[in-house]
Engineer: 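First, the structure itself, so that you have it in front of you.
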Amino acid sequence: MLRDYLAKRFASKGTVYWRSIALAILLTCIPITIVSCIGGYVGNRYLIQQYQQNNEIMLRESVRRIDGQFAQLVQYALHMMANPIFKPAIADMNYVDEFEKTQELLDTMSLIENGESLIDQAYLYIPKQNVLLQPVLGLRTLDDPADRAVWNSLMNGDKGIFWTNHLTRPFGRSGSKHAIVMKLPFNGQTSYGALVLYVNPAMLQLNVTPDQAAYVLDGSDVVIGQSDAAKSYPELLPRIMEQLGSTKRTYDSQSRFQIRADHEQFLMNAVSFEKMNRIWTFVTGTPSSKVTAPNSAYTHVVVVYWIVSLIAALGLSWFASNRFYQPFRKVMDLFRDGKTDEDADPSDEMAYIETKWQQYRFANESLQSRLDQSTPKVREALINQFVLGQAAHLSETEMIEKLRALQLDVTGCLFSVVVCQLHGLDGHKAPLTEKDSQLITYAAINIVGEISEASAAYVHTLDLLDGSIAAVLIFPETSAMDDARDELLRLGGEMLRALEHVLRMPSTIVVNGPAPLWMDIPFLLEQSRKALSYRTFTSESQLLDATAVLEQANPEVDFPYDLEQEFTHTLNLGLEREAADILERFVTALKNEGAPEWVVHQGLMRLKSSLYRSMLQSGHNPYALFDGVQLEEELRTLRDAEACIQWFGKRVIRPYIDMLSKSYQHAMKDIVDQVLATIHDNYMCDISLETFAMEAGVSVSHLSKAFRQMTGSNYIDYLTALKIGRCKKLLLTTDLKMNEIAKSVGYQPPYFNRMFKKLEGMTPGQYRLQFSETKLGKAE
């Protein structure tokens, strides 16, 4: 076929014509091509050589920066270790009882973390008590034997400071395993603890260009840090390790080599330096195509020169032969750039042009059909990006032009935002599966969209992925601002009724707008989502106007401080039901004051914080019982008072009561022992059980129950028996009068006589007389 094609071309133009053209091409192209290839090769080699020389200088500067960062980190850590708070006494201190010192240690650890950019997290390890202190985690015990063995191994060896790259962070904390371990005291013979500083690889000052792949390797050739470009070349690091493994590295040694990886030729430079008594290595690699990129301009000049020379050589001959043939030639050349059709014969120019034109027309219609189908999806994607703040760099005019290109003209329109929060998805009712939640959200989006389409010129809905949905409403330019606002409020009410009727779920709808500018939409959405937290704290459906709500964003709420104190005191007494009643009164008081949702949430978190403070004062560790971060996240999803009360009772009150019950027996035994000692020494005084309960901080019922369990009788009977026994002794061993004996034990004489006769079956005088005669008879 090619032979036939060339034969036809030769036949149409002639042999001399094509030979002259071929000779001109050869005489013009071959010398220029040879010179261009040689020049490009030499230029590229020169650029690579100069680049590696300059890169070695920059590499040494980067090594000095990295070395300086670690030196500064070690110096800073040594300085902080000189703090008197890190004294040997911390190995034996009671961290729960001495919570103030514990908090001081945590504050010092927080200062260490924030004082040096290279530090990611700082831990204080006390092996004697098997505990860790960290600002965020607080005081934790290493209960896992594996973790205990790993951290205890840090105390082995005679090095006061050393580097580790395999120390997993405890308690499931994520992050790098690279850390500097410093024993306490530094360079001491006997270590009572260790300061562990985890390094943040992202803060290493690699000082490399965006195209360079850079790696910092420690003494075990483990990657400490790497540049962003290094993540784009997964095959590069194994090749570097192979090359470095066959190279002997010493202090301040450097090397250069080339590696083929990821379809690129990399120019590599490596410098070794000493750190932590080991040889570390800093390696950089740059694709050779990036280095030789400046030479492309020279190549373009050569190509342009070649084209110009070729055109000049062929111009005269080409002009005469193509003067008549030029219109057909242009069309034929345009079509020859595409794929040749076997059914089209190039020798018949008109038939060939007609066939190719039909092919291109069919292709154009197919592409236009696909474009029309994809335009709505592209438009929705663009609006999503803009609404979520991902297209803030575009101006109002640019956005309008882009939307017009996507068949949406918003010139002169008014824009509003509707945000809907479904309260059946927050988990306080019957739990829904993920699939059910998706179906409900999809149905809600359709309902909001259909209702909005009746009044708005265009509606765009989107799922905010947090249990809420949003709709952007575009009203025509003929709408007035006040009319659009009234219509928006009407639509919001209709949406509430439709959602409650169809989905059987209460919801909160926030409307905001209208605004005259398209660029105001992200602000309207942000304000609407913010206004959601100001909803009245009930499970009923609500319609809010974001503008009106945020104008009253600081409500004056009378906070029930007395209920807060009563709740903490009651819970400390172990009265779970009474504490739950006070909690319900607390939430009801906030609701009656008109407190919005976020105020009630903050009030409950204040109760939790007050309970934390009480636990610390009583010697308990709140961090071991509650996870504060998780509690805040769970509370943030609750939308009505009943759900909050149930959640607080389950997640806060119940665990605290369980903890109190575990320590109840021992604590109550000590209190009862103190009560017995007091009444034995001061039985003549009128001391009530309520007084003891108040001084001990426990309820009277709990103390009475514990007293009866330990003595076998209640408090009054025990005290009465103690006093009567003392009176018997005085009746038999002294000559005191009955009035004096009664007053010596704190009784009034009439009451003493009645009580004595009731217990002994005789009066005090008869008792003295009977036992005196018995002793006299025995003596005779």
Side-chain angles (χ1 to χ4, degrees), residues 39-71 118 163 165 176-178 199-299:
Y41 177 80
V42 173
N44 288 342
R45 295 300 301 174
Y46 177 79
L47 285 176
I48 290 173
Q49 183 178 4
Q50 291 296 318
Y51 170 81
Q52 288 195 313
Q53 291 177 356
N54 295 334
N55 192 48
E56 288 179 356
I57 298 175
M58 295 178 63
L59 196 62
R60 287 190 172 277
E61 179 63 24
S62 299
V63 167
R64 284 194 292 270
R65 286 176 180 268
I66 296 172
D67 185 69
Q69 277 189 285
F70 279 97
L118 199 56
W163 170 264
N165 53 31
S176 68
K177 301 179 182 180
H178 313 305
V199 174
N200 185 359
M203 300 307 296
L204 286 175
Q205 299 179 4
L206 301 182
N207 191 28
V208 295
T209 63
D211 296 327
Q212 280 185 309
Y215 304 90
V216 180
L217 309 177
D218 64 7
S220 302
D221 284 345
V222 175
V223 177
I224 300 176
Q226 60 181 350
S227 65
D228 293 336
K231 302 174 183 177
S232 302
Y233 306 108
E235 297 179 7
L236 184 58
L237 184 59
R239 303 290 176 84
I240 292 176
M241 291 302 182
E242 292 178 4
Q243 182 68 28
L244 293 179
S246 61
T247 304
K248 183 178 181 181
R249 286 169 284 170
T250 59
Y251 171 71
D252 203 29
S253 65
Q254 61 183 25
S255 60
R256 64 173 68 169
F257 49 92
Q258 297 186 15
I259 292 178
R260 183 73 180 177
D262 293 294
H263 309 291
E264 285 277 359
Q265 187 72 18
F266 287 85
L267 307 178
M268 308 301 302
N269 292 85
V271 174
S272 299
F273 59 102
E274 185 176 2
K275 180 57 60 180
M276 302 290 176
N277 297 322
R278 300 288 297 274
I279 299 299
W280 290 25
T281 305
F282 183 54
V283 186
T284 63
T286 306
S288 59
S289 60
K290 303 294 183 181
V291 177
T292 59
N295 200 28
S296 60
Y298 171 74
T299 303

Engineer: Please report the shortest heavy-atom distance between Ala230 and Ala213, naming the atom on each side.
Structural biologist: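 That closest heavy-atom pairing would be CA-CB, 3.7 Å.
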Engineer: Can any side-chain N or O of Ser62 pair as donor or acceptor with the backbone N or O of Leu206 at less than 3.5 Å?
Structural biologist: yes
Engineer: Give the minimum heavy-atom separation between Glu264 and Pro287, together with the two atoms involved.
Structural biologist: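 Looking at all heavy atoms of both residues, the shortest contact is OE1-CB, 3.5 Å.
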Engineer: Is Arg64 salt-bridged to Glu61, cutoff N-O under 4.0 Å?
Structural biologist: yes
Engineer: CD of Glu235 to CZ of Phe266: how many Å apart, nearest 0.5 Å?
Structural biologist: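 Nearest 0.5 Å value for the CD-CZ distance: 9.5 Å.
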Engineer: How long is the span from the CG atom in Leu118 to the CD1 atom in Ile66, to the nearest 0.5 Å?
Structural biologist: 10.0 Å
Engineer: Output yes when a side-chain donor or acceptor of Asn200 lies under 3.5 Å from a complementary backbone atom of Ala202, and no otherwise.
Structural biologist: yes
Engineer: Assess the residue pair Arg249 and Asp221 against the criterion (side-chain contact (heavy atoms from CB on, under 4.5 Å)); give the C-alpha distance rounded to whole Å, side-chain angles, the decisive distance to 0.1 Å, and a yes or no.
Structural biologist: CA-CA 12 Å; Arg249 286 169 284 170; Asp221 284 345; 2.8 Å; yes
Engineer: Give me the atom names and distance for the closest heavy-atom approach of Gly225 to Leu204.
Structural biologist: CA-CD1, 3.9 Å
Engineer: side-chain contact (heavy atoms from CB on, under 4.5 Å) for Ser220 and Arg278? Distances and angles first, verdict last.
Structural biologist: CA-CA 8 Å; Ser220 302; Arg278 300 288 297 274; 3.6 Å; yes
Engineer: Hey, could you give me the OH/CE distance between Tyr215 and Met241, rounded to the nearest 0.5 Å?
Structural biologist: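 Here the rounded value is 9.0 Å.
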Engineer: Run the numbers on Ile224 and Leu217 for side-chain contact (heavy atoms from CB on, under 4.5 Å), then give the verdict.
Structural biologist: CA-CA 6 Å; Ile224 300 176; Leu217 309 177; over 6 Å; no
Engineer: Find the distance between CG (Leu237) and CD (Glu242) and round it off to the nearest 0.5 Å.
Structural biologist: 10.5 Å
Engineer: Specify the closest pair of heavy atoms between Asp67 and Glu274, including all atoms of both residues, with the distance to one decimal.
Structural biologist: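 In this case the closest contact between Asp67 and Glu274 is OD1-O, 3.8 Å.
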Engineer: Donor-acceptor pair, distance only, cut-off 3.5 Å: does the side chain of Ser272 make one with the backbone of Ile279?
Structural biologist: no
Engineer: If the plane angle is over 60° it's perpendicular, under 30° parallel, otherwise tilted; pick one for Trp163 and His178.
Structural biologist: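 Ring orientation of Trp163 relative to His178: parallel.
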Engineer: Backbone N or O of Leu267 within a donor-acceptor pair of the Arg256 side chain at under 3.5 Å?
Structural biologist: no
Engineer: If you compare all heavy atoms of Asp262 against all heavy atoms of Leu236, which two are closest, and at what distance to 0.1 Å?
Structural biologist: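 Result for this residue pair: OD2-N, 3.7 Å.
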Engineer: Okay, side chain of Thr284, backbone of Gln212: is any donor-acceptor separation there less than 3.5 Å?
Structural biologist: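 Not confirmed, Thr284 side chain does not pair with Gln212 backbone.
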Engineer: So how far is it from Ser227 OG to Asn207 CG, rounded to the nearest 0.5 Å?
Structural biologist: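 Ser227 atom OG to Asn207 atom CG measures 11.5 Å (nearest 0.5 Å).
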Engineer: Could you tell me which non-hydrogen atom of Lys275 sits nearest to which non-hydrogen atom of Trp280, and how far apart they are?
Structural biologist: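 That closest heavy-atom pairing would be O-NE1, 3.2 Å.
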Engineer: Decide yes or no for Asn165 and Lys177: does some side-chain heavy atom of the first lie under 4.5 Å from some side-chain heavy atom of the second?
Structural biologist: no
Engineer: Is Gln69 reaching over with its side chain to a backbone N or O of Gln205, donor-acceptor style, under 3.5 angstrom?
Structural biologist: yes
